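I have placed the structure first, in the form of C-alpha cells, so that the comments after it can refer back to it.
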Amino acid sequence: MAKSPEDEHPHKAFGWAARDSSGLLSPFRFSRRENGDDDVSIKILYCGVCHSDLHMLKNDWGATDYPIVPGHEIVGVVTSVGKNVKKFKAGDEVGVGVIVGSCRNCENCKQDLESYCPKMEYTYNSPAIDGSKNYGGYSDKIVVDQHFVVRFPKNLALDAGAPLLCAGITVYSPMKYFGMTEPGKHLGVAGLGGLGHVAVKFGKAFGLKVTVISTSPRKKEEAIDRLGADAFVVSSDPDQLKAAMGTMDYILDTISAVHALDPLISLLNLNGKLVAVGLPNKPVELSLGFLVSGRRLIAGSNFGGLKETQEMLDFCGKHNITADIELIKMDDINSAIERLGKADVKYRFVIDIVNSFKSTVQ
C-alpha cells in the first residue's frame, strides 16, 4: 500500500496544495526527504507566484498530478548541509528555481544547460529521483541537491529577489544567448508583466534603448517614468505600429496570452530577432512574409541553467535589480491566483512564507 504524502519521508512539512483542476489551494501536510550527503536543507522564507503556477493548478497543459504544491521561485536560509557540500553552510541565504535535478551526464548538462536536459526534474509536479513526487515552494521547507541551489547576493532584498529565480533567468538567458546586450541597440519588450518589467530593467542595465510594446495605453507612464523605458508603443494602435515599423533590433516576447506575432515581427529591422519566452496555452498564428522579407529570426528560449542563473543573480546584485512585487500571506493565495489570471498585479506576487506559517503546529 502506498504511503501518504505525510508519511512518505522522515521530515514533516507543511504547505498549501490544490487537489483538483479547480486550482483552489488549501493547507496540506506532507514530508521531505532526509538531508543526504550532497543535499542542502532550506527553511523557505519567500516564494514567488509564477504564471506557470496558474496553468499547472488549473491543469491547462494536461500534465498536472494532484495534489500539487506549486512554487519554483524559492528564497530561504540554509538549515543544514550534507558532508559533501562545501559551497553552502547553515545560515546562508540561497535560492531554488524551476528545477531541482537533471541527469548531469548528457551534452546539455555538460554545457551547464540543465534546463534543456531530457531528464530534468522540476521543483514541483515532477517525479523525484527516488520515485516520490516533488512538492514546491508554497511550503515551509525543502531539501535540494547542492548543484541546484544558488547563492543570493547580500544586497538584494530576498522577497523582491525571489521572482528572479524564474522570471529573471527566463529573460536574462535569451538576452545573453541571442546577443541582446550590445549597448545602443534597440530592444522591444512585448508585454509588461512579471517577465516584461524585469526585461526592461535588464535592457537598461545592458545599455540598450528599450521600447515597451503593450495593448494597454495606461501602462505608458509606468513603463517610462518608473521602469526607465525609453519609449512605449500601443500594439492595438495602427498608427503607432506603422511609425515603429522596422526600428527594433530585438523583441523579447513575454506575453503569455494568445496573440498575433505578425505585428511584432513587422517592428524588427533587417536581421532582427524576436524571441518568445511567454507560454500561451493555445497555438499562435504566424505568417512567413515578414520573416522572409527582412531576413528576420523568430526563436524560443527556456529558462537558463544553474551557472547562468548564478551569473544572473550576481548581475542583479551589481545593478541592484529586483522585481516589483506585491507581498502576500498564504491565506491570500487563492485571491492572488484569481487576480493573476486577470493580469491584476504589479508585477509579481510573492508569498511571505515565514510569517504565514509562524503559528502552524508541525
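Side chains are part of it too, since the values below use all heavy atoms of this structure and drop only hydrogens, waters and symmetry mates. Everything numeric in this text was worked out from a predicted model, so none of it was measured.
- Put simply, the side chain of Ile99 reaches to within 4.5 Å of the side chain of Tyr122, judged on heavy atoms.
- Paired with Arg348 under the rule side chain to side chain donor-acceptor pair (under 3.5 Å), one option of His51, Glu73, Glu326 passes, and it is Glu73.
- The shortest heavy-atom contact between Ile169 and Leu165 is CG2-O, 3.5 Å.
- Asp331 has its side chain out of reach of Ser356: every pair of non-hydrogen atoms, C-beta onward, lies at least 4.5 Å apart.
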Evaluate the criterion salt bridge (Lys or Arg N to Asp or Glu O under 4.0 Å) for residue pair Glu338 and Lys342; output intermediate values, then yes/no.
CA-CA 7 Å; Glu338 183 178 354; Lys342 300 174 182 177; 3.6 Å; yes
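- The main-chain N or O of Ala13 is never found under 3.5 Å from a side-chain atom of Asp140 such that the two would form a donor-acceptor pair.
- Salt bridge status for Asp230 with Lys204: present, with a side-chain N to carboxylate O gap under 4.0 Å.
- For Glu93 (side chain) and Phe152 (main-chain N/O), no donor-acceptor pair under 3.5 Å exists by modelled atom type.
- Hydrophobic clustering (ILVMFWY, side-chain heavy atoms < 4.5 Å, transitive): Leu158 and Ile321 are in one cluster.
- A donor-acceptor distance shorter than 3.5 angstrom exists from the side chain of Tyr250 to the backbone of Gly179, with no hydrogens or angles considered.
- The two residues Gln310 and Arg151 come nearest to each other via the heavy atoms OE1-N, 2.8 Å.
- Between Val150 and Val96, the closest side-chain pair of non-hydrogen atoms is not below 4.5 Å.
- Proximity of Asp145 to Arg104: side-chain heavy atoms (C-beta onward) are separated by under 4.5 Å at one or more points.
- Put simply, Leu57 and Val49 are part of the same group of oily side chains (I, L, V, M, F, W, Y) that touch within less than 4.5 Å, one to the next.
- Ring centers of Phe14 and Phe357: under 6.0 Å apart, within the cut-off.
- Across Ser126, Pro67, Pro5, Pro127, a single residue satisfies side-chain contact (heavy atoms from CB on, under 4.5 Å) together with Lys133, and that is Pro67.
- Here the straight-line distance linking atom CG of Leu279 with atom CH2 of Trp61 works out to 5.0 Å at 0.5 Å rounding.
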Do Asp159 and Thr322 pass the side chain to side chain contact (heavy atoms under 4.5 Å, CB included) test, and can you show the C-alpha distance, the side-chain angles, and the key distance before you say yes or no?
CA-CA 9 Å; Asp159 51 0; Thr322 55; over 6 Å; no
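- The aromatic rings of His197 and Tyr347 lie parallel to each other, with less than 30° between the two planes, well short of the 60° mark.
- Taking every heavy atom of both residues into account, Gly71 and Thr123 meet most closely at O-CG2, 3.8 Å.
- Remark: Asp39 does not engage Arg32 in a salt bridge, criterion side-chain N to carboxylate O under 4.0 Å.
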Would His259 and Asp253 count as a side-chain hydrogen bond (donor to acceptor under 3.5 Å, both in side chains) if you check the C-alpha gap in whole Å, the side-chain angles of each, and the deciding distance to 0.1 Å?
CA-CA 10 Å; His259 61 288; Asp253 184 356; 2.7 Å; yes
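- To the nearest 0.5 Å, the span separating CG on Leu54 from CZ on Arg339 amounts to 13.5 Å.
- Separation of atoms CG (Leu274) and CG (Leu297) is listed at 9.0 Å; rounding is to 0.5 Å.
- Ring-plane geometry between His72 and Tyr124 is classed as tilted, the angle between the planes lying from 30 to 60 degrees on a 0 to 90 degree scale.
- No donor-acceptor distance shorter than 3.5 angstrom exists from the side chain of Asp352 to the backbone of Lys329, with no hydrogens or angles considered.
- Minimum interatomic distance between Ser301 and Val277 (heavy atoms only, all atoms of both residues): O-CG1, 3.9 Å.
- Not counting sequence neighbours, Glu8 has no partner by the side chain to side chain donor-acceptor pair (under 3.5 Å) test.
- How far CG of Leu267 is from CZ of Phe290: 9.0 Å, rounded to the nearest 0.5 Å.
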Test ring-ring contact (aromatic ring centres under 6.0 Å, His included) on Tyr172 and Phe315; report intermediate values, then the result.
CA-CA 10 Å; Tyr172 182 88; Phe315 178 85; 5.6 Å; yes
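- The hydrophobic clustering, which links ILVMFWY residues whose side-chain heavy atoms are closer than 4.5 Å, places Ile42 and Tyr135 together.
- Closest approach of Pro238 to Ser236, counting heavy atoms only: CD-O, 3.3 Å.
- We find that Asp92 and Lys89 are joined by a salt bridge, their nearest charged nitrogen and carboxylate oxygen being less than 4.0 Å apart.
- At a cut-off of 3.5 Å, with distance as the only test, a side-chain donor of Glu34 or His11 sits close to an acceptor on the other residue.
- Look at Lys201 and Asp324 and you find a salt bridge, because one of the NZ, NE, NH1 or NH2 atoms lies within 4.0 Å of a carboxylate O, short of that distance.
- For the residue pair Asn59 and Tyr66, no side-chain donor N or O sits within less than 3.5 Å of a side-chain acceptor on the partner.
- Using a 4.5 Å heavy-atom cutoff, the side chains of Met175 and Leu187 are in contact.
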From CA spacing to verdict: side chain to side chain contact (heavy atoms under 4.5 Å, CB included), Val212, Lys219
CA-CA 9 Å; Val212 171; Lys219 292 185 177 181; over 6 Å; no
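- Both Val210 and Val198 are assigned to one and the same hydrophobic cluster, defined by single-linkage of ILVMFWY side chains at heavy-atom distances under 4.5 Å.
- Looking at Ser266, its side chain never comes within 3.5 Å of a backbone N or O of Met245 through a donor-acceptor pair.
- Ile298 CD1 to Ile265 CD1: the interatomic distance, rounded to the nearest 0.5 Å, is 4.5 Å.
- Ser115 and Asn302 share no side-chain donor-acceptor pair at under 3.5 Å.
- Contact of the Val275 side chain with the Met180 side chain is registered, since non-hydrogen atoms from C-beta on lie closer than 4.5 Å.
- Both Leu195 and Leu208 belong to a single network of hydrophobic side chains, linked directly or stepwise wherever heavy atoms of I, L, V, M, F, W or Y lie under 4.5 Å apart.
- Residues Phe88 and Val40 come closest through the heavy atom pair CD1-CG2, 4.0 Å.
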Please test Glu308 against Asp112 for side chain to side chain contact (heavy atoms under 4.5 Å, CB included), starting from the C-alpha separation and ending with a verdict.
CA-CA 8 Å; Glu308 192 171 48; Asp112 300 308; over 6 Å; no
Which is it for Val143 and His9 under the side chain to side chain contact (heavy atoms under 4.5 Å, CB included) test, yes or no, and what are the steps along the way?
CA-CA 11 Å; Val143 182; His9 297 294; over 6 Å; no
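- Enclosure of atom NZ in Lys87 by more than 12 non-hydrogen atoms of other residues, nucleotides or ligands within 6.0 angstrom is indicated.
- Looking only at side-chain heavy atoms (C-beta outward), Leu252 and Pro174 come within less than 4.5 Å of each other.
- Contact annotation: the side chain of Phe206 never approaches that of His319 to less than 4.5 Å [non-hydrogen atoms, C-beta and beyond].
- Between Phe30 and Phe28, the ring planes are parallel. Angles under 30° get that label, and only those over 60° would be called perpendicular.
- Side chains of Ser26 and Arg19: a donor on one and an acceptor on the other come within 3.5 Å.
- Distance check, rounded to the nearest 0.5 Å: CD1 of Ile351 to CD1 of Ile74 gives 10.0 Å.
- Looking only at distances, a side-chain donor or acceptor of Asn334 sits under 3.5 Å from a matching main-chain atom of Leu25.
- Asp7 and Lys12 are joined by a salt bridge, as a carboxylate oxygen and a charged side-chain nitrogen come within less than 4.0 angstrom of each other.
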